[in-house]
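Okay, structure first, notes after.
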Amino acid sequence: MIEIKNVQYIYNAGGDDTKEALRDVSLTVQDGEFVALCGHNGSGKSTLAKLMNGLIEPTRGTVTVDGLVTSDKKNLFDIRKTVGVVFQNPDNQMVASVIEDDVAFGPENLGLPPAQIEERVQWALASVGMQEHRKGTPFRLSGGQKQRIAIAGVLAIKPRVMVLDESTAMLDPVGREEVLEVVTRLNREEGMTVIMITHFMEEAALADRIVVLNRGMVAGEGGKEIFADRALIENAGLELPLSARVAADLRERGLALDGNVTLPEELINALCR
């Protein structure tokens, strides 16, 4: 679905104050996969998100979305219908004072007929559990509810890929849980490809595959077993999930815990065994 090949990105290339954000990054994402991109601030995560739907072009290398090269301007309309991005601050993504109008904004810009727009708005709001708020204003909602509306706005375009760029970073624990439940369900039940950019390792543990970025390069990737490499995670400026940290500390003290331990229930089961 997405292929990133030998990509370099330099901010202000050719200027006096240049910054290399990505260096020789290669990465593929399969159709229907749930991938978490993790890294400290400045590791290149958000730059990678913008490259994935053509908001910026690589300085060197290629980014291909469903066979379309992002650096070719004539492909951008189709690429942005394929890859929707939800950013960190939900307030910055609101364009209308009524929720249903906000969700309808994308389909309207695609030039869809009114009946189809109405159908997509209903479906998108139902998908995030916000249909009862459709006539309300987004500015009276909680942070988690606002982000769910932002996700509905992207869903209404019916993209095949959703990129969440630190979309839970500004939310409280309840809001984070609401958004993660929606995203996980869309991947598992709707088959949507999800790329979640986060520095919360508990969130990353929900993904099929975890990619760790460090200083603009891919430092490692794999399933939840990647958390067994404590040095890799900590060298990237990240923390292991709490359950994985407890398990690692117990192992260092001689307790033979079996299996990969990332989530609280896995730790409980390993301790009981």
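In this chain, residues are counted from 1 in sequence order.
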Go through it in stages, so that I can follow the logic: the residues are E33 and R209, the test is side-chain contact (heavy atoms from CB on, under 4.5 Å), and I'd like the CA-CA distance, side-chain angles, deciding distance and then a yes or no. CA-CA 8 Å; E33 194 174 16; R209 183 159 55 100; 2.8 Å; yes
Please test D101 against K135 for salt bridge (charged side-chain N to carboxylate O under 4.0 Å, His left out), starting from the C-alpha separation and ending with a verdict. CA-CA 9 Å; D101 293 342; K135 298 293 185 183; over 6 Å; no
So F87 and E166, side-chain contact (heavy atoms from CB on, under 4.5 Å) or not? Walk me through it. CA-CA 7 Å; F87 293 102; E166 299 276 13; over 6 Å; no
With side-chain contact (heavy atoms from CB on, under 4.5 Å) as the test, would you mind laying out the steps for V218 and S26 before giving the verdict? CA-CA 8 Å; V218 175; S26 293; over 6 Å; no
E118/R134 under salt bridge (charged side-chain N to carboxylate O under 4.0 Å, His left out): CA gap, chis, key distance, verdict: CA-CA 11 Å; E118 171 64 18; R134 63 176 298 163; 3.2 Å; yes
Salt bridge (charged side-chain N to carboxylate O under 4.0 Å, His left out), that's the test. Do R251 and D258 meet it? Break it down for me. CA-CA 10 Å; R251 285 183 180 123; D258 60 335; over 6 Å; no
Are I99 and T137 close enough, and set up right, to give a side-chain contact (heavy atoms from CB on, under 4.5 Å), and what steps lead you there? CA-CA 6 Å; I99 287 170; T137 174; 5.9 Å; no
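A donor-acceptor contact closer than 3.5 angstrom links the side chains of E203 and T168. If you check the side chains of E20 and Q8, you find a donor sitting under 3.5 Å from an acceptor. For the 3.5 Å distance criterion, the side chains of T18 and N12 fail to qualify, holding no donor opposite an acceptor.
A donor-acceptor pair is defined here as one N or O able to donate and one able to accept, closer than 3.5 Å; no such pair exists between the side chain of E189 and the backbone of L186. A donor-acceptor contact shorter than 3.5 Å is absent between the side chain of E266 and the backbone of P264. No donor-acceptor pair closer than 3.5 Å links the side chain of R140 to the backbone N or O of G136. Looking only at distances, no side-chain donor or acceptor of T184 sits under 3.5 Å from a matching main-chain atom of E181. N53 places no side-chain N or O within donor-acceptor distance of the main-chain N or O of G84, the cut-off being under 3.5 Å. A side-chain donor-acceptor contact under 3.5 Å links E202 to the backbone of L242. In terms of modelled atom types and a separation under 3.5 Å, the side chain of N214 and the main chain of N235 share a donor-acceptor contact.
Considering CZ of F139 and CG of D91, their distance stands at 7.0 Å, rounded to 0.5 Å. Once rounded to the nearest 0.5 Å, the distance linking CD1 of I197 with CG of D165 reads 4.5 Å. Here the CD1 atom belonging to I2 is positioned 8.5 Å from the CG atom belonging to L27, to the nearest 0.5 angstrom. Atom-to-atom distance recorded for R160:CZ and E190:CD is 14.5 Å, nearest 0.5 angstrom. Rounding to the nearest 0.5 Å places CD1 of I195 at 11.5 Å from CE of M192. Distance check, rounded to the nearest 0.5 Å: CD1 of I233 to CD1 of I226 gives 5.0 Å.
The shortest distance between side-chain heavy atoms of V29 and T193 falls below 4.5 Å. In this structure, the side chains of R245 and M201 stay at 4.5 Å or more apart for every pair of heavy atoms. Contact annotation: the side chain of N187 never approaches that of M162 to less than 4.5 Å [non-hydrogen atoms, C-beta and beyond]. Side-chain contact between E221 and V212 is absent, with no heavy atoms from C-beta onward closer than 4.5 Å. Counting heavy atoms from C-beta outward, E3 and T62 have side chains that stay 4.5 Å or more apart. The shortest distance between side-chain heavy atoms of L257 and L267 falls below 4.5 Å. Within the 4.5 Å cutoff, no side-chain heavy atoms of C38 are placed close to those of L213. Annotation: side chain of T70 is not in contact with side chain of E57 (no heavy-atom distance under 4.5 Å).
Around the CG atom of N109, the shell of radius 6.0 Å holds more than 12 heavy atoms that belong to other residues, nucleotides or ligands. In K50, the NZ atom is not crowded: 12 or fewer heavy atoms of neighbouring residues, nucleotides or ligands sit closer than 6.0 Å. No more than 12 heavy atoms of other residues, nucleotides or ligands sit less than 6.0 Å from atom CZ of R215. Counting heavy atoms of neighbouring residues, nucleotides and ligands inside a 6.0 Å radius, atom CZ of R273 exceeds 12 of them.
The shortest heavy-atom contact between P107 and I117 is CB-CG1, 3.9 Å. For the residue pair V86 and S167, the shortest heavy atom distance occurs at O-OG, 2.8 Å. Contact between S127 and V182 at its shortest, heavy atoms only, is O-CG1, 4.1 Å. Here the closest heavy-atom approach between residue A156 and residue R120 is recorded as O-CD, 2.9 Å. G44 and L22 make their closest contact through O-CD2, 3.6 Å (heavy atoms, listed as atom of the first residue, atom of the second, distance). Closest non-hydrogen pair, V261 versus A270, comes out as CG2-CB, 4.0 Å.
A salt bridge does not link D66 with K81: every distance from a Lys NZ or Arg NE/NH1/NH2 to an Asp or Glu carboxylate oxygen is 4.0 Å or more. By the 4.0 Å N-to-carboxylate-O rule, K146 lies too far from E178 to be salt-bridged with it.
Cluster annotation: V163 is not connected to V154 through the hydrophobic network of ILVMFWY side chains, with a link wherever side-chain heavy atoms come within less than 4.5 Å. Residues V65 and V194 do not share a hydrophobic cluster, defined by chaining ILVMFWY side chains whose heavy atoms lie under 4.5 Å apart. Residues V7 and V83 are members of one and the same hydrophobic cluster, defined by side-chain heavy-atom contacts under 4.5 angstrom among Ile, Leu, Val, Met, Phe, Trp and Tyr. V69 and M1 sit in two unconnected hydrophobic clusters of ILVMFWY residues. Membership requires side-chain heavy atoms under 4.5 Å apart, directly or through other members. Residues V85 and V95 are members of separate hydrophobic clusters, defined by side-chain heavy-atom contacts under 4.5 angstrom among Ile, Leu, Val, Met, Phe, Trp and Tyr.
Cation-pi check for R176 over F200 is met; the charged atom lies under 6.0 angstrom from the ring centroid and within 45 degrees of its normal.
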